Amino acid sequence: MVKASPNTPKWRRLLWPLIVLAVFLTPTLYWDSILTEVGTEVITQTIQIIRYSFATLAWLSIAWLVIRLLDVFFWEMLVAPSLGGKVPRLLKDVLAAIVFLLAITGIVGGVFELPVTGLWATSGVVGLVVGLALQSMISDVFSGIAINIDRPYIIGDWIQVHVRGIDLMIGCVEEVNWRSTKILTKDNVMHMVPNHLINQIVVTNLSRPQLNSRFELLFCIDFSVSSERALRILNAGVLACDGILKEPAPKARVNQITSRGVEYYVRYWLNPKQFSPSKGRHAVCSSILNHLHQAGVTLAYHKQDVFIANMPNRQLDIEIDRIQLLRRVDLAKHLTEDELATLSQNMKRHDLDKGSVIVNEGEQGDSMYLLVEGLLSVYRAVGEGDGYHTTRVGKLGPGQYFGEMSLLTGEPRSATVQCITSSVVYEISHGGLKKILGSRPELAEAIALTVAKRRVDLAQAEKNANHQNVDGHSDSSVTNDLLNRIRSFFFG
Ligand code: CMP
């Protein structure tokens with residue numbers, strides 16, 4: 001009750017009693033004159049109004065009673081047990097609104113005796129206008145109804161809300177009403193998510209199909225830690241954690257290899273009603289971090305290895321870098337640094353144009369060549385008389401050598417060697433090669449093997465011209481024979 005303040009004038013305290021007295025005293029004193037002034041018609045109308053009011057109130061009371069009956073017998077006794085908890089308020093409200101609408105129709109038709117069809121038609125137009133104005137609200141209402149029918153979650157379920165792959169919140173559904181779904185998170189904050197929005201985003205129900213839900217955490221550990229060790233630490237860490245379920249048992253596994261290290265997932269189960277997901281995450285993370293710490297293992301982080309080395313020579317000089325170029329040639333690959341140095345000093349460089357002939361078949365020769373750059377063709381003359389022509393017996397590429405046959409055996413050049421493209425060759429003289437071969441008998445053997453093979457090719461070319469087959473091949477006896485001849489010619 002509002003108390004008068006000490007400053008209020010005293011006469012104002014008399015105001016209400018005086019008004020009440022006037023209301024009741026005036027009709028009492030002037031009853032006869034009021035009856036003559038107002039007339040019986042007004043009184044009849046007043047009585048009519050009172051009758052309408054009672055009838056209207058009766059309809060509304062019926063509606064109220066029906067709603068209560070529905071509440072008690074339908075929602076609470078039938079629906080609630082089958083839903084296993086609270087009945088969504090939205091459904092109750094929708095049904096109550098329908099009952100009230102019917103009551104209003106009853107009032108219009110039954111009490112005021114007006115045509116009901118007109119009322120429905122008018123309400124349709126009004127509904128259209130209101131609908132356009134309250135689009136988003138109506139979309140919330142229908143989304144709410146859809147949620148109640150489809151029941152992706154019910155009151156008491158634990159849900160996780162994700163938007164574009166980002167986990168927004170984990171909480172318990174408290175209510176689904178006309179406009180929104182209320183989610184209570186473990187930090188005791190109530191989130192109202194509009195129903196139309198919740199129908200458009202991903203909601204994971206952690207309480208379905210069973211109350212226990214599986215959770216997953218990722219840990220990235222450096223490549224240097226063996227997966228066996230990492231799994232031992234992670235498994236022990238998650239098993240030592242209180243609050244999570246022992247069955248199904250938690251486990252750690254390798255998930256994937258990333259640029260940072262090996263990623264492991266740790267899966268564990270918990271009942272969100274007993275142990276909230278955020279508490280579970282905290283417990284598992286801290287236990288695993290503790291186990292990693294005790295084992296002296298840290299989680300992987302972004303890193304880069306920097307090696308400092310001399311700038312590599314990106315282009316060898318044919319003149320200056322002879323030794324390095326020689327290393328790439330088949331024949332010289334296995335020579336020591338000293339031998340390479342000796343050989344490089346006894347070589348003469350030739351830069352040749354396309355089409356140049358380096359050695360001519362039948363001529364005498366006392367040098368051999370190493371091809372550094374370019375492409376060469378080896379051909380020889382075959383056939384006699386009208387059948388005389390040249391045939392290609394081989395192709396030489398960088399790193400290969402030629403001219404060794406004459407140099408080592410003293411025989412005339414067995415074939416002609418010509419440049420297919422412009423080329424660079426090193427020429428090694430008899431004296432230059434002798435210096436190396438004296439200390440490297442295995443080199444003579446390698447060369448003898450090549451010579452033997454080339455001889456077979458040459459012989460085959462000859463026979464091809466005469467349409468015959470070569471019987472011989474580069475077997476070890478031919479190679480040995482050749483080797484002896486090389487030795488006797490070269491070293492005397
Ligand atoms: P030589 O006989 O001194 O001169 C010609 C050179 O051609 C010869 O040494 C070999 O080096 C080379 N030659 C001969 N036959 C072949 C072949 N079939 N394949 C590659 N090169 C060959």
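As the structure is a computational prediction, the values presented were derived from the model and not from experiment. Numbering of ligands and ligand atoms starts at 1, following listing order.
- Ranking the protein heavy atoms by distance from atom 4 (O) of ligand 1 puts Arg413 CD, 3.3 Å first.
- Between Ile147 and the options Val173, Ile154, Asn195, a side-chain contact (heavy atoms from CB on, under 4.5 Å) holds for only Asn195.
- Contact annotation for Val417 and ligand 1: only side-chain heavy atoms (C-beta onward) come within less than 4.0 Å of the ligand.
- Using a 4.0 Å heavy-atom cutoff, Gly365 is absent from the residues neighbouring ligand 1.
- Of the charged side-chain nitrogens involved, none lies within less than 4.0 Å of a carboxylate oxygen, so that Lys251 and Glu216 do not count as a salt-bridged pair.
- Residue Ser414 has at least one N or O atom closer than 3.5 Å to an N or O atom of ligand 1.
- Here the heavy atom of the protein found nearest to atom 18 (N) of ligand 1 is Asp457 CB, 3.2 Å.
- With sequence neighbours excluded, the residues satisfying side-chain contact (heavy atoms from CB on, under 4.5 Å) with Ala415 are Val378, Arg380, Leu458.
- Side-chain atoms of Ser224 and Asp222 form a donor-acceptor pair, as typed in the model, at a separation below 3.5 Å.
- For atom 5 (C) of ligand 1, the closest non-hydrogen atom of the protein is Ala415 O, 3.3 Å.
- Taken from CD1 in Ile323 to CG in Leu335, the straight-line distance is 11.0 Å, to the nearest 0.5 Å.
- For atom 6 (C) of ligand 1, the closest heavy atom belonging to the protein is Gly403 N, 3.8 Å.
- When each atom of ligand 1 is checked for a heavy atom of Phe402 under 4.0 Å away, the hits are 11 (O).
- The ring pair (Phe, Tyr, Trp, His ring centres under 6.0 Å) contacts involving residues 412-463 comprise His430-Phe490, where partners must be two or more places apart or lie in separate chains.
- Taking a cut-off of under 4.0 Å to the non-hydrogen atoms of Val393, the atoms of ligand 1 that pass are 18 (N).
- Side-chain contact of Ser227 with Tyr264: a donor-acceptor pair under 3.5 Å is absent, judged by distance alone.
- Scanning the protein for heavy atoms near atom 13 (N) of ligand 1, the closest one is Val378 CG1, 3.7 Å.
- Atom 22 (C) of ligand 1 has its closest protein heavy atom at Arg454 CD, 3.4 Å.
- We find that Lys303 and Asp305 are not joined by a salt bridge, their nearest charged nitrogen and carboxylate oxygen being 4.0 Å or further apart.
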